[in-house]
There are 2 protein chains.
Amino acid sequence: MKRNTWQREAVREALASNEGFVSAQSLHTGMREHGSPIGLATVYRALADLATEGEADSLQSPDGEALYRACSTSGHHHHLICRRCGLTVEIAADDVEAWAHRVASEHGFTDARHVVDVFGLCAACTGSSVSAPAVAPAAAPHRKQQ
Amino acid sequence: MKRNTWQREAVREALASNEGFVSAQSLHTGMREHGSPIGLATVYRALADLATEGEADSLQSPDGEALYRACSTSGHHHHLICRRCGLTVEIAADDVEAWAHRVASEHGFTDARHVVDVFGLCAACTGSSVSAPAVAPAAAPHRKQQ
DNA sequence: GTTGCTGTTGAGTATCATTATCAATAGGCG
DNA sequence: CGCCTATTGATAATGATACTCAACAGCAAC
């Protein structure tokens, strides 16, 4: 039986309070900074569950990190993501859905899924593009500083 | 100055001899099995270089691994990938390019890039879908066995 | 409210991919 | 041929994520 724990709810809320995509790591760090003693493993588990249940969307960042986001639109959709501040807009893309299935079947492929995401600079970040990030860095996805 | 080494050439060839996307790890393993004493770090470096120079395309597998492929089409294009055997077809997608830029600018985003890939089952794999993989597993991207 | 069963948690550890380190090696120009 | 320096590769380091297992905490029955 599935139990209700404050941890799972806390992860859901922390995710919902985020504008854009966040990594499990940074979500965990953020939650601890807010006083929650939640464990890292639990955050990973909760995020995986939410993604499975369709309450969250996930994508792979170019760095190979998995990023998560609580999505308001329940159905299938795609994302327009600011690569500077992480701001995310949900976009419907019926044209693209149709295109994906068409090219798949043209080449004999079946059971087509697709990954379609657009990265750019949002209006705010375009303006302040040359200087340091002007927006809350907490909202931005975690980046490795290698 | 950029030097020509047999290692770099060997990676290029190994990549070219592959139908679909391969991970750096499996490419390295395969090369060693063919008798090449090349080092893992060198394979990573060579793949990163090839990707930078546009001689190879890379994408993140759902497992978070980076996969590489030698692409014949020089310009910008996308991929239709069999999730069973790794077979990859290069597809042009002018419609999608236009769409991506349109939705980006509609939302005030600039400098739009996009990730567009279609995963499915190729004709051969669709036929043998219920049983074990019928195609050469060497051609399939490496998968973690967790 | 108490008890007991069992799903969940979390600290630590393991694993895997990838990158950094650095001494030894080998292009390629003179 | 010899030198300079880019490249290599064995190994260690790093970072994300998954696993382990004992302690804990929902929840239902009493």
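In this text, all values refer to a predicted model and were calculated from it rather than measured experimentally. Because only heavy atoms are used, hydrogens play no part in the values below, and waters and symmetry mates are left out as well, while side chains stay in. Each chain gets a letter, A, B and so on, in the order its sequence line appears, and its residues count up from 1.
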J.: Starting from C1' on C:dT18, measure out to CG on B:Leu27 and report it in whole angstrom.
T.: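 So the two atoms are 15 Å apart, to the nearest Å.
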
J.: I want to verify a distance call: between C:dT18, D:dG9, C:dG10, whose nearest atom is closest to the A:Thr42 side chain?
T.: C:dG10

J.: Specify the separation, in whole Å, of atom CG of A:Leu47 and atom C1' of C:dT8.
T.: 16 Å

J.: Parallel, tilted or perpendicular: which describes the rings of B:His114 and B:His78, with under 30° parallel and over 60° perpendicular?
T.: tilted

J.: Expressed in angstrom and rounded to an integer, what is the separation of B:Met31 atom CE from D:dG9 atom P?
T.: 9 Å

J.: Classify the ring geometry between B:Phe21 and B:His79 as parallel (under 30°), tilted (30 to 60°) or perpendicular (over 60°).
T.: perpendicular

J.: Considering residues, nucleotides and ligands other than B:His34, do more than 12 of their heavy atoms fall under 6.0 Å from its NE2?
T.: no

J.: In whole angstroms, how far is the C1' atom of C:dA17 from the CZ atom of B:Phe21?
T.: 18 Å

J.: Establish, with yes or no, whether the OP1 or OP2 oxygen of C:dT8 is under 4.0 angstrom from a side-chain nitrogen or oxygen of A:Gln7.
T.: no

J.: Where each residue is assigned the nucleotide of DNA chain D containing its nearest heavy atom, which of A:Ala24 and A:Lys2 is assigned the position nearer the 5′ end?
T.: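 Nearest-nucleotide comparison on DNA chain D picks A:Ala24.
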
J.: Please report the distance, rounded to the nearest Å, between NE2 in A:His28 and P in D:dT17.
T.: 13 Å

J.: Round to the nearest Å and state the distance from A:Gln60 atom CD to C:dT18 atom C1'.
T.: 14 Å

J.: Rounded off to whole Å, could you give me the CZ-to-P distance for the B:Arg8 and C:dG27 pair?
T.: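 It is 13 Å, rounded to the nearest whole Å.
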
J.: Any side-chain N or O of B:Tyr44 below 4.0 angstrom from OP1/OP2 of C:dT18?
T.: yes

J.: Measuring from atom CG of B:Leu67 to atom OG of B:Ser26, what distance do you get when rounded to the nearest 0.5 angstrom?
T.: 8.0 Å

J.: To the nearest 0.5 Å, what is the distance between CZ (A:Phe119) and CG (B:Asp111)?
T.: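 Reported value, rounded in 0.5 Å steps: 12.5 Å.
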
J.: With nearest nucleotide decided by heavy atoms, which residue, A:Val43 or B:Tyr68, maps closer to the 5′ end of DNA chain C?
T.: A:Val43

J.: Could you work out which one of C:dT8, D:dG9, C:dT18 sits closest to the side chain of B:Ile38?
T.: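 The listed nucleotide nearest to B:Ile38's side chain is D:dG9.
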
J.: Does the pair A:Arg12/A:Glu53 count as a salt bridge with the N-to-O cut at 4.0 Å?
T.: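 Answer for the salt bridge query: no.
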
J.: Quick one: B:Glu65 CD to C:dT19 C1', roughly how many Å, whole number?
T.: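 After rounding, the reported distance stands at 16 Å.
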
J.: Of all the heavy-atom pairs spanning B:Cys71 and B:Glu90, show the shortest one and how long it is.
T.: CA-OE2, 3.3 Å

J.: Quick one, give me the B/S/- string for nucleotides 21-26 of chain D, reading 5' to 3', where B means a protein heavy atom under 4.0 Å from the base and S means that only happens at the primed atoms, P, OP1 or OP2.
T.: ----BB

